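Just so it is clear, the model here is predicted, and its values are computed rather than measured.
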Amino acid sequence: MACGPALPAFLVLAVCLAVVAAGLPCAGTSARDTALPDPSCTPTGRPLDGYWVCHAGSRRTMLRDGDLTAAFDLCALADTPHVYAIGPVEGLRGEITLYDGTPSIAVVADGAVRVDTTFDRRAVFLVYGAARHWRTVPVPNALDGLAAVEAFVRAAAVTAGLDPERPFPFRIEGRVDRLAYHVIFKTGDASHGSHDLPAHKRAKRPFALKGNTPVNIVGFWADAAGEGVYTHPGRRTHLHFQGRGAVSSPVSGHVDDVSLGAGALLYLPCGRAGCD
């Protein structure tokens, strides 16, 4: 089933006003050139900061209740310009990665990663957002491991004036010497209550990139409330990637570990043009 047409603007506005009153989870504010056709997220009324982050569903709830049903229809983002998003496909049968509005749905077939570029998927949980403008931060030295990447992002964000107790999107473009990743692809029973942490680990299909490979990484920084909801427990970041350029075939997935080469570029959201 293909994505249907976007909701009329007046209807989106009416629903968004109701969502504001309901206080659904959203942080930041929407910029007009990244306006939301999706009524599940709306500005919170904070001062304009030029970016927004929202989430639907919860990793914590998924593992606690074994609920693998969809919490978000990706079609809702099909007309949102320059949007970024990450999360697992409903039933845990694939990984969703949106980079600058381009979807990459990774699944596993015959032991290999296969990628589809479609919005016609639904997510168990999804964190998504966009920025009006981006501040460029060079990565002067290699970063080895997710902890090193997370520490660099935090330090750069604080220097740029971002509050680490508010969620924000970020992205990294560069080359990796090593990138371990997985595509979650559950087989068998995907019904409610049929999933727990051991089953979750078994469903992860591991893969790796090696040898100076160019990638685009999309990440989301979580506040304390978002940790464990759309990140892993103990982590403030959740990273996916899309291969680019020299990668021989389309590839994407959830980043488990990475050695990021010196000279990569970190992009942080900012509220004005020319802020880099």
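Residues passing the ring pair (Phe, Tyr, Trp, His ring centres under 6.0 Å) test with Phe207 are Tyr181, sequence neighbours excluded. Under the side-chain hydrogen bond (donor to acceptor under 3.5 Å, both in side chains) criterion, His182 pairs with Glu95, Asp256, not counting sequence neighbours. When the salt bridge (charged side-chain N to carboxylate O under 4.0 Å, His left out) test is applied to Asp177, no partner is found at least two apart in sequence or on another chain. A search for salt bridge (charged side-chain N to carboxylate O under 4.0 Å, His left out) contacts involving Glu227 returns Arg236, not counting sequence neighbours. Listed by chain and residue number, Arg178 satisfy the salt bridge (charged side-chain N to carboxylate O under 4.0 Å, His left out) test with Asp144 (two or more places apart in sequence, or in another chain).
Looking only at distances, a side-chain donor or acceptor of Thr159 sits under 3.5 Å from a matching main-chain atom of Ala155. The backbone N or O of Thr69 sits less than 3.5 Å from a side-chain atom of Asp67, completing a donor-acceptor pair. Checked by atom type and distance alone, the side chain of Gln242 pairs as donor or acceptor with a backbone atom of Thr102 at under 3.5 Å. The closest donor-acceptor contact from the side chain of Thr80 to the backbone of Val83 lies at 3.5 Å or more, if one exists at all. In this structure, the side chain of His82 does not engage the main chain of Asp100 through any donor-acceptor pair within 3.5 Å. Looking at Asp223, its side chain does come within 3.5 Å of a backbone N or O of Gly226 through a donor-acceptor pair. Checking side-chain atoms of Thr61 against main-chain N and O of Ser58 turns up no donor-acceptor pair under 3.5 Å. Side chain of Arg135 to backbone of Cys270: no donor-acceptor contact under 3.5 angstrom is found.
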Side-chain donor-acceptor contacts of residues 103-119 below 3.5 Å, not counting sequence neighbours, with atom names and distances?
unit_1: Ser104; atom_1: OG; unit_2: Ser252; atom_2: OG; d: 2.7
unit_1: Asp116; atom_1: OD2; unit_2: Arg121; atom_2: NH2; d: 3.4
unit_1: Thr118; atom_1: OG1; unit_2: Asp120; atom_2: N; d: 2.9

Practice task
Begin with the C-alpha distance, continue with both residues' side-chain angles, and end with the deciding distance and a verdict on ring-ring contact (aromatic ring centres under 6.0 Å, His included) for Tyr230 and His55.
Solution key: CA-CA 7 Å; Tyr230 52 87; His55 73 272; 5.2 Å; yes
Handout entry: Intermediate values then yes/no, ring-ring contact (aromatic ring centres under 6.0 Å, His included), Tyr84 and Trp134
Key = CA-CA 13 Å; Tyr84 295 80; Trp134 297 93; 5.6 Å; yes
Practice task
Might you work through the side-chain hydrogen bond (donor to acceptor under 3.5 Å, both in side chains) test for Thr231 and His238, ending with a clear yes or no?
Solution key: CA-CA 5 Å; Thr231 71; His238 183 174; over 6 Å; no
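Residues Glu150 and Thr237 approach most closely at OE1-OG1, 2.6 Å, considering heavy atoms. Smallest separation of non-hydrogen atoms from Pro167 and Ala222: CB-CA, 4.4 Å.
With a 6.0 Å cutoff to the six-membered ring centre and a 45° limit on the axis angle, Arg93 does not count as a cation-pi contact of Phe185.
Checked against the 6.0 Å centroid threshold, Phe241 and Tyr99 do not count as a close aromatic pair. The aromatic ring centroids of His254 and His232 lie less than 6.0 Å from each other.
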